[in-house]
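Since the structure comes first, as structure tokens, the remarks are kept for the end.
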Amino acid sequence: MKYDFRTIEEKWQKRWADAHAFEASTDTSKPKFYSLVEFPYPSGAGMHVGHIKAYSGLEVISRKRRMQGYNVLFPIGFDAFGLPTENYAIKTGIHPRTVTDRNIEKFTQQLKRVGFSFDWTRVIDTTQEDYYKWTQWIFLKMFDAGLVFRSTALVNYCPSCKVVLSNEDSQGGKCDICKSDIIQKSKDVWYLRITEYADRLLSGLDTVDYPLNIKQQQINWIGKSRGAFVNFSLKNLDDKLRIYTTRPDTLFGVTFMVIAPEHPLIEKYRSSISNIDALDAYKNECAKKTEFERTQLVKDKTGVKIEGITAINPVSGREIPIYISDYVMMSYGTGAIMAVPAHDDRDYAFAKKFGIDMVEVIRGGDISREPYIGEGEMINSGFLNGMHNKADAIARMIDYLTEKGIGEGGVQYKMKDWAFNRQRYWGEPIPIVHCPKCGMVPVPYDELPLKLPEMTNFAPGEGGESPLAKVESFVNCKCPRCGGAARRETDTMPQWAGSSWYYLRYIDPHNTNAFADPEQLKYWLPVDWYNGGMEHVTRHLIYSRFWHKFLYDIGVVPTDEPYAKRSAQGLILGPDGEKMSKSKGNVVDPNDVVDELGADVLRVYILFMGDYGSAAPWSESSVRGCKRFLERIADLPSIAKGRGETPKLNSKLHKTVRKVSGDIEDMKFNTAIAAMMSFLNDAEEIGTMTLDELSVFVRILCPFAPHICEEIWEQMGNTGLCSLAAWPEFDESKTVDETVDIGVQINGKMRSVISIPFNCEADQALAIAKADEKVIAALAGKTIVKEIYVPNKILNLVVKG
RNA sequence: GCCGGUGUGAUGGAAUGGUAGACGUGACGGACUCAAAAUCCGUUGAUGGCAACAUCGUGUGGGUUCGAGUCCCACCACCGGCACCA
């Protein structure tokens with residue numbers, strides 16, 4: 001058969017659509033499978049081969065599940081709020097709505113051309129009013145629950161995008177969107193109290209099936225540490241200086257303290273500080289640095305001693321100086337630390353520079369040369385002296401501090417509350433009204449969605465305020481509580497909002513009474529398998545777990561965790577082995593591949609190129625290899641005739657079914673395809689196969705290359721769709737060959753290969769081996785002292801002499 | 001610095017502690033062709049040998065084992081994440 005992929009692919013895509021083949025059923029009596037892929041941001045650049053790889057994994061698994069009889073929900077949608085669209089709108093004057101619709105249309109066409117088996121009746125777009133109505137609804141529920149607050153804080157601000165960014169969006173001191181340097185700015189912003197869920201986000205990881213590296217990244221991100229809070233007395237003042245430490249066992253070794261430059265202590269006691277000018281100057285210096293710069297100057301510690309205030313070490317009674325230094329962050333712990341120079345790298349460097357003395361409290365190092373971080377006997381530490389175990393010493397000290405009322409055990413998290421706002425147009429309006437009398441008042445639920453106003457100039461204001469602030473008709477409103485004149489909040493939500501719950505909307509996307517019907521939620525949740533990129537495992541994945549846990553707490557979702565299982569695909573690199581980018585000119589457009597070679601080739605190649613979870617470079621010539629494979633598949637019907645089994649081929653077929661079935665579950669698509677190629681090689685060599693065998697083979701190939709398989713399936717006289725035919729079972733007994741070739745080793749070295757009956761006894765194997773010429777030669781003049789026989793695997797003869 | 005991962009032919013990559021290099025690509029030789037492309041057949045880890053065959057070979061050095069790409073210890077290189085987190 002001529003492999004006319006264009007005609008075939010168009011034909012079957014239409015047939016699938018007409019048959020509603022891949023639409024999930026609302027019938028909850030069947031076993032369900034919910035497979036989710038991260039929905040794309042519909043950028044103007046169109047689809048990228050990376051998108052295809054991200055969806056192809058679960059595409060194969062979803063197709064296999066359907067053939068196994070599951071009710072499969074495999075949806076797609078668009079995460080369409082965001083800055084690139086808005087920036088494009090500012091530049092061109094085209095409304096973001098228009099741009100978004102156009103891009104979504106383009107993505108949809110491209111996705112359909114690849115033949116993905118998405119349920120196109122459930123497409124969602126986060127920028128549609130009937131979607132973001134529910135994003136706002138969840139926000140208000142959080143507001144009601146006290147998880148939303150406003151706070152003036154130093155925020156990460158991108159001067160180019162003119163927006164406040166979360167810590168997650170400003171990693172490395174660069175804006176995640178435009179890559180320019182972040183500066184610190186004091187601003188009144190919205191926060192979500194995600195830290196309240198820190199412990200549960202941590203413990204929930206024990207209940208889900210995520211790869212270890214993803215769990216570890218989340219654990220690091222949450223950054224839980226255990227330690228103690230200690231209140232240091234200040235000499236001649238009633239006040240205390242509260243610190244957090246993970247090493248209360250070293251308290252006797254504290255010889256100074258350090259507070260962050262922004263620490264309120266300085267403002268509070270300005271008049272008692274004799275060098276306030278020097279402190280102010282230092283503080284100003286620090287404010288100019290970006291957080292990035294501040295964390296770069298690791299080696300050279302800077303700081304200024306506070307003259308006029310000293311602290312008292314609560315266990316040794318010693319009077320100790322207090323410094324300000326930017327190596328202490330106001331945003332972690334209490335913004336103040338106790339310094340133990342003998343046993344901490346940073347404190348050591350600081351003490352050396354400022355000539356502060358040290359007290360060794362753990363024996364084992366030479367503190368004249370370097371700090372000692374290890375464990376050892378406690379010395380110079382009063383009641384801790386002689387202890388060797390760090391954990392015991394910590395526990396003992398915490399008991400002591402608690403007993404004396406000078407401190408207590410506690411935990412800290414690196415994770416901070418989520419800065420939840422953008423000063424931009426193209427996002428969900430935050431549904432809050434500011435009333436001079438009532439304060440912050442939520443928009444009533446029955447007034448949702450709070451729609452974005454129509455406007456034409458989307459540029460943010462110079463002061464960094466939202467473009468919405470310019471729309472008087474939007475801003476001026478009545479207080480929902482007292483009816484008086486009030487002003488609307490003009491910030492919008494960050495892009496992460498819509499994606500934090502989209503998987504819930506797919507379950508019941510057209511519901512107007514609730515974000516989804518509780519019965520359907522109960523049936524479909526949790527998502528059985530979620531695939532996406534590694535770049536989303538600390539932000540999107542944590543955010544959406546947080547929202548889900550909240551929704552669980554208020555009783556609107558039935559599970560504590562949203563995703564039962566998570567996997568991640570590896571990048572597709574350019575042919576040059578570099579990350580694909582427009583500037584490098586190494587971008588492969590999936591459309592071109594579909595045009596030139598067909599969707600089935602694209603799909604097979606992307607899954608064949610290497611381990612699904614690893615990065616691999618695109619290879620123009622390897623793609624053609626997959627094309628050859630499918631062309632030969634198209635010719636298979638010409639050698640298939642009759643019913644029943646082909647003697648030399650049937651066991652290979654059963655082995656292939658076993659291999660492919662298992663490999664798909666492990667996302668080892670490359671070896672699954674290799675096994676099918678190997679089967680094809682054998683079939684061609686034998687030159688014949690039966691229609692029964694072809695029927696089996698076409699069905700296991702169908703999830704990978706569905707168009708060509710449908711065509712062959714139809715040619716064979718089948719009336720239904722191959723995509724919905726039963727997944728073939730294999731017969732274990734038929735995977736077994738009568739004889740098996742095993743290696744014969746002498747003293748662990750391969751000497752020969754012998755053919756023996758399957759599962760044969762050691763005696764028989766040994767007899768056959770001893771009759772083998774090569775073995776005879778290798779054994780000449782030696783005595784066998786030991787025989788190791790592993791059935792069907794190996795025979796190893798240990799000899800001496 | 002901390003956490004996670006990777007290291008195998010020319011190349012992408014295969015190998016539940018049991019015949020290293022499956023499958024694909026490329027290269028080389030041949031068939032077909034006026035020729036090229038496509039297709040088909042064969043060869044393709046290194047070294048030595050006419051050959052049968054032998055020796056070596058999975059980043060480096062040790063170890064465990066009858067047997068190690070796989071397990072353990074130490075090291076090197078690279079990739080990803082976090083990072084003055086007290």
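All chains are named by letter (A, B, ...) in the order of the sequence lines, taking the proteins before the strands, and each is independently numbered beginning at 1.
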Determine whether the side chains of Ser567(A) and Tyr612(A) contain a donor N or O and an acceptor N or O closer than 3.5 Å. no
Using a 4.0 Å cut-off on protein heavy atoms (strictly under), produce a 5'-to-3' string for nucleotides 16-24 of chain B with B for base contact, S for backbone-only sugar-phosphate contact, and - for none. B-BBS-BBB
Can you give the dot-bracket line for RNA chain B, using ( ) for pairs inside the strand, [ ] for pairs that cross earlier ones, | for pairs with another strand and . for unpaired bases, where Watson-Crick and G-U count if both distances are under 3.5 Å? (((((((..(((.....[....)))((((((.......))))))((((....))))..(((((..]....))))))))))))....
Regarding Glu620(A) and Lys627(A), does a basic nitrogen lie under 4.0 Å from an acidic carboxylate oxygen? no
Protein-nucleotides 43-53 of chain B N/O pairs closer than 3.5 Å?
{"residue": "C53(B)", "atom": "OP1", "partner": "Lys774(A)", "partner atom": "NZ", "Å": "3.3"}

Looking only at atom P, what distance separates C76(B) and G26(B), rounded to whole Å? 40 Å
For Lys584(A), look at atom NZ and say whether over 12 heavy atoms of other residues, nucleotides or ligands are found less than 6.0 Å away. yes
Under 4.0 Å between a side-chain N/O of Lys749(A) and OP1 or OP2 of C56(B), yes or no? yes
P atom, A27(B) versus U11(B): distance in rounded Å? 15 Å
Applying ring pair (Phe, Tyr, Trp, His ring centres under 6.0 Å) to Tyr323(A) and not counting sequence neighbours gives Phe256(A), Phe350(A), Phe354(A)
What interatomic distance, in whole Å, is found between P of U25(B) and the corresponding atom of A38(B)? 12 Å
Whole Å only: how far is the OH atom of Tyr332(A) from the C1' atom of A86(B)? 7 Å
Closest-nucleotide 5' rank along RNA chain B - winner of Gly333(A) and Asp611(A): Asp611(A)
Sidechain N-carboxylate O distance under 4.0 Å for Glu38(A), Arg566(A): yes
So, OP1 or OP2 of U55(B): does either fall under 4.0 Å of a side-chain N or O from Arg751(A)? yes
Output every pair passing salt bridge (charged side-chain N to carboxylate O under 4.0 Å, His left out) with a member in residues 735-764 of chain A, not counting sequence neighbours, ordered by first then second residue. Lys655(A)-Asp737(A)
Taking ring pair (Phe, Tyr, Trp, His ring centres under 6.0 Å) as the definition, give me every residue that meets it alongside Phe232(A), ordered by chain and number, with sequence neighbours left out. none
